[in-house]
Amino acid sequence: MDKALLGDALARLDLPLRTLQPGHVWLVGAGPGDPGLLTLDALSALAQADALVHDALVSPEIVAVAAQAEKFYVGKRGGRLSIPQEEINALLVRLGRAGRKVVRLKGGHPYVFGRGGEEARALAQAGIACRVLAGITSAFGGLTSAGIPATMRGVNGAIILATGFAAVSDDRPDWAALARTGQPMVIYMGLTHMETTVADLIAGGLAPDMPAALIENATLPQERTVTATLATLVEAAERENIVSPALIVVGRIVALRAEGAP
Ligand code: SAH
């Protein structure tokens with residue numbers, strides 16, 4: 001397709017053009033990876049930023065859009081732990097105070113397991129103007145690219161988004177309670193504690209033969225989907241060597257993939 005057509009369409013669109021003011025910070029969702037899933041607001045933010053703070057979940061092609069911005073990488077380096085959240089908050093405050101036009105770019109949606117809430121609060125407490133721009137969260141981008149409908153009439157009337165990482169903290173989902181709803185769930189950050197999570201879901205009443213899937217690198221060219229059942233999921237992940245970032249999907253919606261997947 002000719003890119004000029006896109007330019008023409010954009011020119012016809014009555015897009016509210018908001019200016020990223022010096023000293024302001026925008027927390028921007030970049031979507032799950034495919035540049036096509038950026039929002040126009042995110043694109044406009046990238047075009048205006050003079051400081052871009054990003055982590056590993058954001059694709060290099062998307063970071064490269066902000067050609068004019070100084071880049072601050074705050075993700076994991078060579079397997080080492082990520083920069084503590086307080087340091088990221090402090091960096092955002094410092095850049096804001098320095099009068100920079102700051103974009104804090106996050107994978108997916110900033111408010112969905114993205115610690116966007118904490119960053120917005122830290123900025124508010126420091127008196128720095130902040131705006132949060134929604135992005136497509138990886139659950140919905142990933143289900144779609146894997147050919148799994150998030151909802152289907154007659155199959156599910158709700159969908160649960162959960163974190164699999166908060167194994168011991170207060171955020172830890174009550175897996176038995178979630179299992180009792182019978183509704184499908186998409187589990188973020190689920191690989192590390194997958195064995196315990198799966199055991200808790202089965203103990204909570206989910207059928208061991210409930211369809212389940214792993215979606216690795218969703219929406220990226222290297223995306224892989226592995227389907228299994230709840231009981232065979234851990235083994236499937238090991239066999240296929242599934243690595244982060246990946247989503248775990250559990251529920252009858254997974255079985256619909258076979259019927260309608262591209
Ligand atoms: N704010 C993000 C989530 C950040 S938590 C969002 O809205 O999507 C990080 C987790 O998100 C990863 O461990 C993984 O479970 C999931 N994730 C993010 N991008 C992904 C991708 N492209 N493919 C699969 N999982 C992804």
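Just so you know, these numbers use all the heavy atoms, side chains as well, and skip hydrogens, waters and symmetry mates. Ligands are counted one by one from 1 in listed order, and the atoms in each one are counted from 1 as well. Worth saying up front: this structure is predicted, and the values here are computed from it rather than measured.
Contact residues of ligand 1 (protein heavy atom closer than 4.0 angstrom to a ligand atom; sorted by chain and number): Pro32, Leu57, Gly107, Gly108, His109, Val112, Phe113, Gly114, Thr137, Ser138, Tyr188, Met189, Ile215, Asn217, Ala218, Pro245, Ala246, Leu247.
A heavy-atom distance below 4.5 Å is not found between the side chains of Arg131 and Val28. Side-chain contact between Phe72 and His54 is absent, with no heavy atoms from C-beta onward closer than 4.5 Å.
Between the side chains of Glu119 and Gln85, at least one donor N or O lies within less than 3.5 Å of an accepting N or O. At a cut-off of 3.5 Å, with distance as the only test, a side-chain donor of Ser145 or Glu223 sits close to an acceptor on the other residue.
Expressed to the nearest 0.5 Å, how far CD1 of Ile83 lies from CG of Asp55 amounts to 9.5 Å.
Through direct or relayed side-chain contacts under 4.5 Å between Ile, Leu, Val, Met, Phe, Trp and Tyr, Trp175 connects to Ile160, Leu178, Met185, Ile187, Leu191, Met194, Val198, Leu201, Ile202, Leu206, Met210, Leu214, Val226, Leu230, Leu233, Val234, Ile242, Ile248, Val250.
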